[in-house]
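Scroll down for the structure; my scribbles are underneath it.
In what follows, chains are A, B, ... by sequence order, proteins preceding strands, each numbered from 1.
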Amino acid sequence: MDFLSPDTWAGALAAKAARPEAVPVMGGTDVMVELNLGRRRPHALLDLTRVPELARWGAEDGYTRVGAGVSYTRLVERVGSRAPALAAAARSVASPQIRNRGSVGGNLGGASPAGDCHPPLLAAGALVELASAAGVRRVPASEFYLGPGRTVRREDELVAAVLVPEPRGPQVFAKVGPRNAMVIAVVSFALALDVAARRAGTGIGSAGPTPLRARAAEEFLAREFDWAGGADPSPEAARRFGDLVAGAARPIDDVRGSAAYRRHALAVLARRAWARCAAEVRGGGV
Amino acid sequence: MTPGPAPTAPAAPPPSAPGSAPPAGERAAEPAGGGVGDSPPRPDGTLKVTGEFAYSSDLWAENMLWGMTLRSPHPHARIVRVDTAPALRLPGVHAVLTHEDVPGEPRYGLEVRDQPVLAAETVRYRGEPVAVVAADHPETARRALERIVVDYEVLEPVCDARRAAFDPDCPLVHPPGSVPLRPEHNPRGNVLRHQPIRTGDLARGRTVADLRERADVVVTGSYEVGMQDQACLGPESGLAVPAEDGGVDLYVATQWLHADQRQIAPCLGLPPELVRVTLAGVGGAFGAREDLSMQVHACLLALRTGRPVKIVYNREESFYGHVHRHPAHLRFEHGAAADGRLLYAALEIVLDGGAYASTTPAVVGVAASLGLGPYEIPHAAVDAYGVYTTNPPCGAMRGFGAVQACFGYESQMDRLAEALDMDPVEVRLRNAVGRGSVLPTGQRIDAPLPMAEMLERARALPMPPPPEAAPGRVDPLALPGGAGGAGVGASVVRGVGYGVGLKNLCFSEGFDDHSTARVRLEVVGGVPVALVHTAAAEVGQGLVTLQEQIARTELGVRRVALHPADTSVGSAGSSSASRQSHMTGGAVKAACEAVRARVVALARARGLLAGEGGGAVGGADGGVRLAADCLVPPGGAAPVPLAEVLGDAVVEETREFRHRPTSPLDPVTGQGSSHAQLGMCVHRAVVDVDVELGLVRVVALDAVQEVGRALHPRQLVGQIHGGATQGLGLALMEEVQVADGVIRNPSFTDYLIPTVLDVPPMRVEVLEHADPQAPYGLRGAGEPPTLSATPAVVAAVRAATGRPLTRVPLRPEDIALP
């Protein structure tokens with residue numbers, strides 16, 4: 001196994017161009033687990049920990065650009081208020097030690113349907129920046145995922161960053177698991193509201209082959225939400241919203257939970273998300 | 001003693017020869033002297049906390065090879081053909097062995113010799129070892145495994161334990177007569193032990209139906225206990241070093257060195273004295289290391305290649321490479337009078353032993369004899385079965401059959417309370433055992449067991465503050481769901497539940513349970529030093545600390561060193577069954593007493609002690625005492641330094657310690673005083689439940705435990721915390737999920753154990769009513785809290801939700817889905 005360890009972004013892109021099969025590794029919280037379990041035997045690892053650009057973040061044209069190597073811990077501590085749902089998801093990842101190592105880029109590169117970062121990126125309308133020696137492109141999160149572990153990223157490309165729009169309303173994220181910490185999501189849900197445009201974004205995790213949006217639910221909420229006053233939804237509206245979110249999911253029975261429970265829990269998370277966003281609007285927080 | 005080269009990583013506990021003992025000043029600074037009843041620091045504590053402790057997986061030797069195991073991909077299959085030639089052709093591969101290469105006994109086993117060293121004609125569980133390789137690099141070994149060709153003819157698996165027990169048409173896991181089962185265990189079909197118990201009218205020809213008519217209230221329940229894993233962080237691992245005398249030295253993480261030796265040697269075709277076993281650093285045990293795993297394989301490879309061979313399982317392999325807690329199917333019926341007094345109980349307990357016996361017969365004996373729990377019930381019929389299936393083998397785990405029974409009987413007590421509209425504690429009080437009570441086996445409880453007092457104390461413990469319902473003021477981490485952030489205060493319901501567990505301590509049913517200790521006292525660098533040598537396995541529980549404390553108390557010395565645990569001294573028995581404080585503690589105490597008597601005699605012989613006779617020793621009787629590195633004569637005479645008494649003399653004594661004999665259970669009536677000692681813990685759990693999502697947060701899990709005597713209060717409370725945490729894990733999340741004989745979650749990603757956010761601060765009240773049968777009056781403390789915590793947590797969730805919840809671990813959907 002070759003171990004490539006460039007110390008510049010240009011060097012990393014050149015290495016990926018020369019060795020497209022090289023598996024990028026940042027914190028190693030996914031890759032090393034797979035290696036240790038013998039599930040993966042790549043011919044080359046592309047270590048990105050020495051590339052300074054990947055660990056940067058900052059404002060850019062109405063977005064917050066978060067480098068693919070920014071650790072979850074930094075995301076929570078430094079980026080937090082500029083991407084609230086993403087920060088909440090980062091806070092829910094694993095343990096402090098893993099949050100010190102793991103990063104959004106790794107979550108996107110692995111593209112597990114259970115990855116915690118995906119629902120907030122979908123809900124917020126984020127862009128994924130992909131780079132290769134040939135150039136840079138930005139793909140909406142909603143077009144990024146193709147299947148379990150599969151994305152539109154080409155073999156010669158690296159995930160460079162995510163661009164999260166400046167929040168224009170409340171954003172929430174929640175996930176469910178049988179343990180109170182350090183748990184892979186049985187199901188997760190993010191909701192992001194754009195109060196000015198009266199639009200809603202959703203993201204569903206762990207309940208389908210890819211992270212999913214619940215578009216019908218988004219439209220329903222946009223119509224029914226009390227944008228001015230932040231009143232709680234009627235029980236009927238809340239239930240309908242929950243049902244629409246659950247209906248958008250395509251869950252399976254697996255070792256972590258049943259499809260029936262996943263749909264049920266999604267509906268509960270969706271209703272609670274609406275109530276929390278409404279409370280925030282009422283409180284004038286945004 | 002050890003002809004072969006020694007490995008470079010130190011065995012654990014780190015060899016603390018007298019010269020390398022901790023500085024005397026450090027120990028002398030402990031306020032109370034570090035004897036029995038104090039809480040001195042562990043000798044291995046700093047190394048473990050700083051990450052410098054050498055575990056068995058850290059062992060290394062010059063010129064070492066790596067061993068690896070080829071495992072069956074099928075739960076049940078016939079082996080048609082094995083071709084090892086392609087693997088042997090790989091450069092760097094030094095040996096590929098199959099069952100044909102086992103020179104001695106082809107099978108081993110703790111209780112029943114039924115488990116092949118390497119599978120021959122048949123594999124009976126997925127993960128069963130079929131071949132082993134040794135190579136100069138782990139990656140080479142892995143590639144060699146891929147090149148071994150095995151053709152299987154897949155057979156129908158036997159996955160359902162109840163079917164294995166009761167369906168005469170169920171395929172047999174072992175052909176009749178092919179395994180040496182004991183007739184007094186009533187083996188039949190796939191049943192390897194059936195233990196009945198009949199008492200009262202049910203022993204006199206009356207039926208359960210007769211008794212049902214006499215009861216005012218009858219409660220029945222079917223319960224299930226999932227397969228729990230010990231979840232040791234240290235994987236199975238060790239290093240075998242071939243010796244020039246044709247033997248082998250094995251350094252391994254285990255629980256019972258001599259049981260390993262007794263099983264390994266016949267398979268190698270060697271006498272036991274040529275198989276020398278030394279304890280390596282143990283990263284958790286809890287029963288998982290009582291059975292052999294890689295021991296014989298590493299020795300075979302080392303003897304074949306003439307080079308040291310190290311084997312370390314990876315995490316997934318570890319889930320297949322050790323036994324688990326028996327899953328249980330329980331059908332319980334209890335009848336009581338209107339005042340809550342129990343009249344009868346009829347229990348059926350089916351324990352899934354998996355492919356090989358391991359300790360299943362003993363687990364059945366415990367489940368049967370303690371199946372009624374700590375309750376006086378005049379008429380009882382118990383039938384406990386242990387069965388073979390083609391599921392992963394099950395054996396010892398903390399609680400050992402009593403955990404499964406306890407979930408059943410405590411669930412039934414809560415049902416009874418509900419049926420009678422009575423407080424759950426009250427129902428338990430009305431039927432509580434105490435000293436003088438008779439167990440269903442006919443055994444009389446002859447030591448203090450103040451269950452009623454314990455229940456009252458548990459009930460009187462202060463309650464945690466009520467849940468904070470107002471949104472915005474709640475720390476989301478404190479809500480059910482914790483870090484996931486799903487919780488909202490308004491959906492939380494609180495519940496309270498109780499659990500009582502009764503556990504046998506030490507080995508039962510007539511086993512010759514003993515331990516051995518060798519203690520040497522001599523002067524090193526001008527100060528007296530005691531060296532304690534036993535074969536007892538330190539598995540994290542803190543026995544090394546207790547051994548030092550006992551030596552300090554009995555010999556009055558400040559400095560105590562521990563010899564590495566190995567088989568050059570007599571057996572200590574297993575570090576299991578909550579027995580080592582009692583058994584090895586007792587042996588160390590006895591050896592120290594013998595050393596002390598010789599020291600006193602030496603003092604007299606040297607004219608340092610006036611007066612006649614040498615027998616009167618000890619503090620209370622006004623005789624000679626050893627304290628503060630001195631011999632203290634009676635009557636206020638000046639103390640004599642031990643260094644002066646001893647001079648160049650080395651005083652060494654070896655003693656065996658036994659607890660009182662126990663009896664086997666009668667194979668028909670189940671009668672017999674089978675247990676040496678009993679322990680009890682009472683738990684009160686307080687939980688918050690997010691009813692909509694089915695998520696649980698345990699807010700309090702407080703315990704009252706009877707321990708006889710606390711030798712090391714801090715370690716003792718740690719044991720109770722740890723035991724309760726494992727019980728909480730079984731209640732809420734810990735399960736090896738097996739489908740069609742295949743483990744679906746062999747990783748710590750999906751086999752969940754409680755985190756710090758799942759475990760509340762735990763209040764522990766310790767009662768010390770001395771057991772006159774035991775050294776210092778102590779009772780082992782490790783297991784009882786593991787029993788009581790599970791039903792207490794489940795009862796609390798039932799109280800919060802109104803759900804019946806008959807299976808552990810609870811899943812969110814059991815609570816949330818209609």
Side-chain angles (χ1 to χ4, degrees), chain A residues 1 29-30 33 35-39 41 85 87-96 99 114 116 172-190 242 253-269 271-273 275-276 279-280 283 285, chain B residues 138-139 142-143 145-146 314-317 471-472 476-488 490-491 690-698 729 732-735 737 739 743-759 809-818:
Chain A
M1 189 185 298
T29 58
D30 276 343
V33 173
L35 254 59
N36 284 333
L37 287 176
R39 295 202 182 121
R41 293 276 155 185
R91 175 65 190 82
S92 79
V93 170
S95 63
R99 290 196 292 275
D116 291 318
V172 296
F173 168 85
K175 79 173 179 189
V176 169
R179 185 159 73 176
N180 285 303
M182 273 191 82
V183 68
I184 310 270
V186 172
V187 74
S188 64
F189 181 70
D253 290 332
D254 70 11
V255 73
R256 294 176 190 142
S258 67
Y261 175 75
R262 286 185 155 109
R263 284 192 200 277
H264 166 87
L266 262 180
V268 174
L269 291 183
R271 295 198 299 264
R272 291 183 183 181
R276 283 166 62 186
E280 236 179 274
Chain B
E139 184 62 20
R142 193 189 65 77
R143 290 177 191 181
L145 292 185
E146 286 176 356
N314 70 27
R315 181 61 60 198
E316 179 169 354
E317 187 176 23
L477 287 182
L479 289 170
V488 288
S491 62
D690 184 327
V691 180
E692 274 189 307
L693 287 174
L695 303 179
V696 178
R697 168 90 190 201
V698 181
L732 296 178
M733 61 188 84
E734 292 194 41
E735 182 176 10
Q737 298 184 42
I743 298 177
R744 301 170 75 208
N745 57 337
S747 76
F748 286 147
T749 303
D750 285 314
Y751 183 88
L752 302 180
I753 56 178
T755 70
V756 71
L757 278 187
D758 299 285
V759 182
L810 307 180
R811 292 166 300 187
E813 59 193 82
D814 299 334
I815 298 166
L817 291 187

- prompt: Do A/Arg272 and B/Ser491 have side-chain atoms, one donor and one acceptor, less than 3.5 Å apart?
  reply: yes
Under 4.5 Å from a heavy atom of chain B, the part of [X] involved:
X: A/Ala267; answer: neither
X: A/Arg271; answer: side chain
X: A/Val183; answer: side chain
X: A/Arg262; answer: neither
X: A/Ala265; answer: both

Using a 4.5 angstrom heavy-atom cutoff, name the option from [options] with the most pairs to chain A.
options: B/Glu692, B/Glu316, B/Glu735; answer: B/Glu692
options: B/Asp750, B/Asn745, B/Val488; answer: B/Asp750
options: B/Arg142, B/Met733, B/Arg315; answer: B/Arg142

Can you tell me how far apart [atom1] ([X]) and [atom2] ([Y]) are? Round to the nearest 0.5 Å.
X: A/Arg263; Y: B/Leu817; atom1: CZ; atom2: CG; result: 12.5 Å
X: B/Asn314; Y: A/Asn36; atom1: CG; atom2: CG; result: 8.5 Å
X: B/Asp758; Y: A/Met182; atom1: CG; atom2: CE; result: 10.5 Å
X: A/Asn180; Y: B/Leu695; atom1: CG; atom2: CG; result: 7.5 Å

- request: Identify the two heavy atoms, one from A/Arg91 and one from B/Ala483, that lie closest to each other, and give their separation to 0.1 Å.
  value: NH1-CB, 4.4 Å
query: Between B/Gly485 and A/Ala174, which heavy-atom pair has the shortest distance, and what is it?
result: O-CB, 3.6 Å
query: Do A/Pro178 and B/Leu752 have side-chain heavy atoms sitting under 4.5 Å apart?
result: yes
Residue, of A/Ser258, A/Ala88, A/Ser95, A/Gly177, that accumulates the most heavy atom pairs under 4.5 Å with chain B: A/Ser258
[X] versus chain A, heavy atoms under 4.5 Å apart: side chain, backbone, both or neither?
X: B/Ile753; result: both
X: B/Val696; result: backbone
X: B/Pro809; result: neither
X: B/Arg811; result: neither
X: B/Glu317; result: neither

query: Can any side-chain N or O of A/Arg179 pair as donor or acceptor with the backbone N or O of B/Pro754 at less than 3.5 Å?
result: no
